[in-house]
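Numbers for residues simply follow the sequence, beginning at 1. Below, each value reflects all heavy atoms present in this structure, side chains not excepted, and no hydrogens, waters or symmetry copies.
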Amino acid sequence: MIEKTATELSRLLSSGSLSSVELTRAYLDRIAKANDNLNAYITICEESALEQAKKADERRAKGFRHPLLGIPLAHKDIFCTDGINTTCGSRMLENFIAPYNATVVEKFEDVGAVTLGKTNMDEFAMGSSNETSYFGPAKNPWNIKKVPGGSSGGSAAAIAADLCAIATGTDTGGSIRQPAAFCGVTGFKPSYGRVSRWGMIAFASSLDQAGPICKSAEDAAILTSVMAGLDNKDSTSVDKPVEAYSATLNKSLKGLKIGIPAQHFRDGLSSEVERSIKEALKVYEQMGARVTEINLAHNHLSVPAYYVIAPAEASANLSRYDGVRYGYRCENPVDLEDMYKRSRSEGFGAEVKRRIMVGTYALSAGYYDDYYQKAQKIRRLIKNDFDRAFEEVDVIIGPTSPNTAFDIGAKKDPVAMYLEDIYTIAVNLAGLPGISVPAGFSEGLPIGMHIIGKHFEEAKVLNVAHQFQQETEWHKQKPKFGLED
Ligand code: GLN
């Protein structure tokens with residue numbers, strides 16, 4: 001039963017044929033068997049999960065109803081959880097226990113979801129492979145020599161291998177969608193401002209956005225309606241009513257206008273990925289959609305602009321880790337400066353330090369206009385490209401990632417790693433919603449299709465994704481990982 005979607009599990013729980021305690025036990029058993037190999041979880045909360053499950057069963061007996069009541073969930077270890085370690089994949093926060101819950105965590109608790117644990121991630125969400133995690137990389141359940149993608153790779157691997165029913169992730173440049181693509185699961189980044197960032201450890205504040213990683217678009221709709229909404233604790237969260245995303249999943253796609261960015265089908269795209277996406281477009285055409293080419297002329301500038309803006313914001317956000325207030329502190333500092341220097345040198349990994357240095361440089365006097373200001377101008381051009389495209393089309397579809405999961409250790413050059421996000425980063429720069437859904441396989445590894453929508457058209461993106469999943473079986477494929485035992 002652990003392979004079922006939350007929607008299916010919810011039915012079993014409501015019918016009384018399954019209790020949340022039984023279900024939670026089943027996931028904990030699976031974790032006990034598989035996590036040593038997969039390294040998908042950093043922290044497993046066995047005791048508190050079983051307690052929450054018991055409470056969920058009691059709430060149900062008293063008449064409380066919600067589709068996620070009693071459903072076992074994993075949180076990316078970037079969300080603060082009251083009384084449970086929140087490491088952000090870093091030595092800096094190895095022993096950090098937040099005294100409060102992130103808004104996202106709180107919302108899932110309110111509806112009675114059961115927290116199984118905290119999932120592995122690239123350090124401070126910087127990476128595309130999980131390899132920058134201080135706790136070692138999570139593995140891809142389709143082939144454990146391969147990366148699961150990043151930075152929310154632990155959540156994606158946990159979903160693919162049935163180590164939880166539903167999960168959270170965050171996406172600054174592709175960190176929900178790319179791991180979802182690599183692990184053959186569904187990952188949705190809502191519009192910037194749709195989900196509160198409060199209590200979610202900041203990487204690049206103008207780009208970070210939380211969203212669900214799960215087994216179907218139907219599940220993603222339920223999770224998004226729980227996560228979304230105005231939060232007075234996050235001034236960038238938007239005061240717009242949360243739509244009933246599940247209610248519009250079955251809308252017909254007849255007459256839907258799909259834009260295909262010419263720039264997403266050029267050099268660097270694997271021919272297998274290209275073939276799968278083109279096949280998927282035929283499925284949409286059969287449903288009555290029309291496909292036209294669009295032009296995202298500045299897409300090639302998205303990665304360079306992002307690697308100025310994101311490090312700049314990260315350098316400011318990460319200045320709080322100074323060894324004084326919380327987090328790692330070096331042993332026996334001789335004076336204050338020595339403590340700052342050594343705490344940060346010892347507490348942060350190489351990629352995080354690289355970003356802090358790039359960001360500090362880009363923001364420094366004399367370079368601000370040349371780099372940061374210029375990157376912001378490019379950001380506007382990228383947004384304008386999308387605005388223009390969306391005058392003609394309803395959604396934009398392309399590949400999530402240029403290739404399938406690569407070998408652990410294969411990408412040594414940081415820039416090669418950065419190019420992983422060539423199709424996803426522009427969506428963060430423009431603040432748009434984007435989902436990745438499974439759309440094929442190449443040599444036994446999953447391929448993801450990327451669907452981008454207009455600002456706050458979460459409902460349409462989920463509708464377009466769900467309709468594809470009604471016509472295809474890609475999202476139902478399971479890795480053989482661990483099934484032999
Ligand atoms: N891979 C990108 C980076 O390393 C995006 C990460 C993310 O979305 N958090 O910054």
Side-chain angles (χ1 to χ4, degrees), residues 39 41-43 45 75-105 117-127 130-137 150-152 154 170 172 175 197-208 210 233-234 307-365 367-368 372 414:
N39 203 20
Y41 284 88
I42 293 174
T43 304
C45 311
H75 283 298
K76 183 178 185 179
D77 208 10
I78 197 168
F79 292 99
C80 287
T81 39
D82 191 356
I84 302 168
N85 285 44
T86 299
T87 69
C88 218
S90 182
R91 182 183 194 191
M92 186 56 89
L93 293 176
E94 188 178 4
N95 300 310
F96 172 62
I97 299 182
Y100 56 83
N101 279 330
T103 298
V104 162
V105 172
K118 310 287 295 288
T119 58
N120 205 349
M121 55 180 285
D122 282 294
E123 186 177 9
F124 284 98
M126 297 174 189
N130 241 266
E131 292 167 289
T132 73
S133 170
Y134 174 64
F135 303 93
S151 60
S152 315
T170 63
T172 305
S175 276
R197 290 183 297 111
W198 194 78
M200 182 177 118
I201 294 175
F203 162 15
S205 308
S206 77
L207 300 159
D208 298 342
K233 296 192 204 115
D234 172 7
Y307 279 97
V308 173
I309 294 167
E313 294 182 15
S315 74
N317 277 325
L318 271 60
S319 66
R320 72 190 69 171
Y321 305 105
D322 55 7
V324 178
R325 287 164 286 192
Y326 57 94
Y328 179 83
R329 180 183 294 170
C330 68
E331 303 254 339
N332 308 320
V334 294
D335 56 20
L336 187 64
E337 198 175 316
D338 183 48
M339 183 177 78
Y340 287 157
K341 273 194 194 155
R342 282 205 291 122
S343 297
R344 287 170 68 80
S345 314
E346 294 165 20
F348 289 134
E351 183 61 27
V352 173
K353 286 183 208 165
R354 180 179 297 121
R355 308 262 181 132
I356 291 173
M357 289 200 284
V358 168
T360 306
Y361 181 81
L363 290 178
S364 55
Y367 295 110
Y368 184 88
Y372 190 70

Point-to-point distance, once rounded to the nearest 0.5 Å, from CG of Leu318 to CE of Met92: 8.0 Å

Interatomic spacing from CG in Asp122 to SG in Cys88 - rounded to 0.5 Å: 10.5 Å

Taking only distance into account, with no hydrogens and no angle test, what donor-acceptor pairs under 3.5 Å do side-chain atoms of residues 357-365 form with protein atoms, sequence neighbours excluded?
{"from": "Thr360", "atom 1": "OG1", "to": "Ile356", "atom 2": "O", "distance (Å)": "2.6"}
{"from": "Ser364", "atom 1": "OG", "to": "Tyr361", "atom 2": "O", "distance (Å)": "2.6"}

Residue list, side-chain contact (heavy atoms from CB on, under 4.5 Å) with Ala204, at least two apart or on another chain: Thr172, Leu207, Asp208, Ala310, Glu313

Sequence-distant partners of Glu337, salt bridge (charged side-chain N to carboxylate O under 4.0 Å, His left out), two or more places apart: Lys341

Approximate separation, where rounding is to 0.5 Å, of Ser133 OG and Met121 CE: 8.0 Å

All pairs passing salt bridge (Lys or Arg N to Asp or Glu O under 4.0 Å) where residues 76-101 contributes a residue, at least two apart: Asp77-Lys118

Nearest non-hydrogen partners of Pro333 and Cys330, listed with the distance: CD-O, 3.8 Å

Gap separating the OH atom of Tyr328 from the CG atom of Leu93, nearest 0.5 angstrom: 13.0 Å

Pairwise side-chain contact, Val352 with Thr132, heavy-atom cut-off 4.5 Å (strictly under): no

Polar side-chain atom of Arg329 near backbone of Ser343 as donor-acceptor pair, under 3.5 Å: no

Main-chain N/O of Tyr340 paired with Asp322 side-chain donor or acceptor, under 3.5 Å: no

Near-ring test Phe124/Tyr321, centroid separation under 6.0 angstrom: yes

Heavy-atom check, side chain of Cys80 versus side chain of Phe96, under 4.5 Å: yes

Short side-chain to backbone donor-acceptor contact, Arg342 and Asn332, under 3.5 Å: yes

Asn39 versus Pro137, closest heavy-atom pair with distance: ND2-O, 3.1 Å

For the student: nearest non-hydrogen atoms of Ser175 and Ala125, plus distance: OG-O, 4.2 Å

Close side-chain approach of Asn101 and His75, heavy atoms under 4.5 Å: no

Inter-residue atom distance Ile78.CD1 - Arg197.CZ, 0.5 Å rounding: 11.0 Å

Non-neighbouring partners of Phe135 that pass ring pair (Phe, Tyr, Trp, His ring centres under 6.0 Å), sequence neighbours left out: none

Approximate separation, where rounding is to 0.5 Å, of Glu123 CD and Glu131 CD: 13.5 Å

Non-hydrogen atoms of Ile42 and Gly89 that approach each other most closely: CD1-CA, 4.3 Å

Contact list for residues 351-365, test salt bridge (Lys or Arg N to Asp or Glu O under 4.0 Å), sequence neighbours left out: Glu351-Arg354, Glu351-Arg355

Donor-acceptor contact present, side-chain Asn85 to main-chain Thr87, <3.5 Å: no

Candidate list Thr86, Thr170, Thr119, Thr103, test side-chain contact (heavy atoms from CB on, under 4.5 Å), partner Phe79, passing option: Thr170

